[in-house]
Number of protein chains: 2
Amino acid sequence: MNRLPLRVACFVLQGLLVSGGLLTFDAMLTANEYLDSRFPQFEPELRALLAQHCVVRPLKAGEKMLQTGQYFRSTMLVAEGRAKLYREGEEGGEFFMYYLEPGQACALSMVCSDRQQSSEVMAVAEEDTVVLLLPLDLMDDLMRQFRSWYYFVIETYRSRYEELLVVIDHVIFKGMDERLEFYLKNQYDKLQKRDLSITHQQIANDLNTSREVISRLLKKMEQQGRLVLHRNYIEWRG
Amino acid sequence: MNRLPLRVACFVLQGLLVSGGLLTFDAMLTANEYLDSRFPQFEPELRALLAQHCVVRPLKAGEKMLQTGQYFRSTMLVAEGRAKLYREGEEGGEFFMYYLEPGQACALSMVCSDRQQSSEVMAVAEEDTVVLLLPLDLMDDLMRQFRSWYYFVIETYRSRYEELLVVIDHVIFKGMDERLEFYLKNQYDKLQKRDLSITHQQIANDLNTSREVISRLLKKMEQQGRLVLHRNYIEWRG
DNA sequence: GTGGCTATGTGACTAAAGTCACTGTGCAGG
DNA sequence: CCTGCACAGTGACTTTAGTCACATAGCCAC
C-alpha cells in the first residue's frame with residue numbers, strides 16, 4: 001500500500017515507463033537504491049556496506065530461489081516482487097507457508113554459522129522479483145557493528161516464527177473450509193485485488209489437498225454469496 | 001545423559017541427599033552455578049552480569065511458566081528440568097510443540113522490543129524445573145556487548161523455527177499413526193527410559209485427537225511388537 | 001476384599017477429507 | 001467455426017479420524 005508512491009518515485013527518477021504496473025527488468029534499480037527504499041531502517045553506513053558487497057539478482061516469475069536440501073551460499077533480502085515459501089513433503093506434496101515481501105528476508109538464510117546449513121524449505125518467485133544476495137561470512141561483522149542489523153535479524157526470525165504458529169493453528173484446529181477462507185483472505189490482503197487469478201488446482205496444492213475438495217468448498221462459499229467463481233479467477237467479496 | 005554427572009557433582013558439593021534422583025528444591029543452586037554449568041558458552045563476564053541481574057525461579061511439576069495472552073516480563077532461560085510448550089486453540093484443545101531443556105530458552109521471550117509483547121503459546125513445567133528470569137530491558141545491552149549472547153539468541157530462534165517446521169511436516173503430510181510413533185520416539189529420546197509413564201488421554205491431548213484413536217493405534221503397534229502396553233505406562237521397544 | 005476411581009478396550013456410528021470417473025465449459029489457435 | 005485443452009462441476013465411493021456408549025480391568029484406600 002504505502003510502497004507504491006516510493007516505487008513510482010524511483011521509476012520517475014530513472015525516467016522509465018513501466019507497463020501495466022509490473023516491474024520490468026529494464027527498470028531494475030541499483031543495490032543502493034533498493035537498500036535506501038526498502039531498508040530505510042538501516043544506518044547509512046550499513047546500507048553503504050551492504051551495497052558494496054551484495055549482488056542484485058533478478059528472478060523471473062516462477063523461478064526458484066531456494067531448493068529443499070540446497071546449501072545456503074548467501075543471505076537473501078527481498079527488494080522487489082514476492083517470494084513464496086513452501087514446505088515439501090518427503091513423498092511429494094507441498095504446503096504453502098507464507099510470502100516474503102520487499103523489505104523482508106529469508107530467516108533461514110541468516111544464520112551466521114560456519115557449518116554449512118542446508119535449506120529446509122522451497123522458495124519460488126511468485127512474480128518477477130529482485131533479491132539482494134549477501135555473502136554469509138559478512139553476517140558476523142554486521143551483527144557486531146550494526147544495531148539495526150541485529151534488530152532486523154531478530155525481527156525476521158520472530159515474525160517468521162509467528163507466521164509458522166498461525167499456520168500450525170490452522171492446520172491443527174481448523175477444518176479445510178476455514179483454511180480455504182483464510183487462504184483467500186490472505187491472498188486478497190496481500191494483493192489488494194478483488195479478482196484473485198488462481199486456479200482451484202493451485203489452491204489445492206498450496207493447502208495440500210485435492211482440487212475436488214477445493215471446488216466443492218468454493219461452490220459452497222459462492223452459494224453463501226462470499227465470492228463469485230469465474231474461469232481462472234475468483235472474485236472475492238471480503 | 002551428560003547432565004547427570006554434573007548434577008550429581010553439584011549435589012555432592014552441597015552435601016545434600018536427593019531422593020529418587022529427582023531435583024528437590026532444597027538442592028537448588030545459585031544463579032552463578034546454573035549459569036556456569038548450563039551456559040558454559042557464555043563469556044565469564046556475561047555470566048557474571050547475568051547472575052547479577054537474574055532471578056532464580058523454581059517451578060513445581062505442572063506449574064505454568066507462560067500463559068497464552070500473558071505479557072512478557074522477562075526472558076526465561078531453563079536451568080533445570082523440562083518445560084513443555086504448547087499451543088492452545090481458540091475453542092479449547094491444545095497441541096504439543098516441543099520441550100525446552102536446560103541450556104535452552106524461550107524464543108518468544110527474547111525479543112528486545114519496547115512494545116509489550118504477549119505470549120502466543122503456553123509453557124508448563126513438565127517436571128520440577130528451575131528457570132532464570134532476566135529483565136527484558138537488559139536484552140539490548142547484552143546483544144550489543146556480548147557476542148555469545150547474540151549467537152545464543154539467534155541459535156534459539158533458529159532451532160525453535162526448525163522444530164516448528166518438523167511439527168508442520170508431521171501434521172500436514174503424515175497420518176495419526178506416524179505422528180503417534182514420532183511422539184513416542186521423541187519421548188523416549190528425551191527421557192532415555194523405555195518405560196514412558198503417560199496415559200492415552202495425555203497423548204491424545206498432546207496430539208489434539210481423542211483417546212480412543214490413540215488407544216486403537218497403540219493396540220495396533222503392540223500387535224506389531226513395537227511396544228507393550230501397561231496401565232499408566234508404555235514400554236517402548238525402539 | 002470390596003467400593004470406587006481412573007485407565008483402557010471395543011463396537012457402532014458420524015463426519016470430513018480424499019479418490020475415481022466422468023461430464024461440462026470457456027477459450028485460444030488453427 | 002470447430003477443435004483441443006485446461007479448468008471446473010459432480011456423484012459415488014473409500015479411508016481416516018472423531019464420537020458415543022458401554023464393558024473391563026488395575027489399583028488404592030478403608
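Everything numeric here is computed off the predicted structure, so don't read it as measured data. Every chain is numbered from 1 and lettered A, B, ... according to where its sequence line falls, protein lines coming before strand lines.
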Salt bridge (charged side-chain N to carboxylate O under 4.0 Å, His left out) with A:E91: which residues, sequence neighbours excluded? none
Ion pair A:E63/A:R57, N-O distance below 4.0 Å: yes
Applying salt bridge (Lys or Arg N to Asp or Glu O under 4.0 Å) as the test, list every pair that has at least one member in residues 194-216 of chain A; sequence neighbours left out. A:K84-A:D206
Span of DNA chain D, from the first to the last nucleotide whose atoms fall under 4.0 Å of chain A heavy atoms: D:dA6 to D:dA12
Tell me which one of B:I172, B:V171, B:I168 satisfies side chain to side chain contact (heavy atoms under 4.5 Å, CB included) with A:V167. B:I168
Could you tell me how far apart B:K220 (NZ) and C:dG9 (C1') are, to the nearest whole angstrom? 14 Å
For A:Y86, give me all partners under side-chain hydrogen bond (donor to acceptor under 3.5 Å, both in side chains), at least two apart in sequence or on another chain. none
Find the distance between CE (A:M221) and NZ (A:K219) and round it off to the nearest 0.5 Å. 13.0 Å
For B:T209, give me all partners under side chain to side chain contact (heavy atoms under 4.5 Å, CB included), at least two apart in sequence or on another chain. B:M176, B:A204, B:L207, B:V213, B:I214
With sequence neighbours left out, what residues match A:H230 under side chain to side chain contact (heavy atoms under 4.5 Å, CB included)? A:V228, A:Y233, A:E235
With salt bridge (Lys or Arg N to Asp or Glu O under 4.0 Å) as the rule and sequence neighbours excluded, what pairs involving residues 160-170 of chain B come up? A:R87-B:D169, B:R158-B:E162, B:R160-B:E163
By a strict heavy-atom criterion of less than 4.0 Å, which residues belonging to residues 194-205 of chain B are in contact with DNA chain D? none
Atom pairs under 3.5 Å, N or O on each side, protein against nucleotides 13-20 of chain C: can you list them with distances?
residue, atom, partner, partner atom, Å
C:dA17, OP1, A:M176, N, 2.7
C:dG18, OP2, A:T209, OG1, 2.3
C:dT19, O4, A:R216, NH2, 2.7
C:dC20, N4, A:E212, OE2, 3.1

For each nucleotide in nucleotides 24-30 of chain C, reading 5' to 3', give B when a protein heavy atom comes within less than 4.0 Å of its base, S when such contact involves only the sugar-phosphate, and - otherwise. -BBS---
Taking NZ, NE, NH1 and NH2 as the nitrogens, is one of them in A:K190 or A:E126 under 4.0 Å from a carboxylate oxygen of the other? no
I would like to know whether B:E120 and B:T68 meet side-chain contact (heavy atoms from CB on, under 4.5 Å); could you show each step before the answer? CA-CA 5 Å; B:E120 307 280 337; B:T68 310; 5.9 Å; no
Please list all pairs meeting salt bridge (Lys or Arg N to Asp or Glu O under 4.0 Å) that have one or both residues in residues 66-75 of chain B, counting only residues at least two apart or in different chains. none
Under the rule for side chain to side chain contact (heavy atoms under 4.5 Å, CB included), what residues qualify as partners of A:S159, not counting sequence neighbours? A:E155
Contact class for B:L218 (heavy atom, under 4.0 Å): base, sugar-phosphate, or nothing? nothing
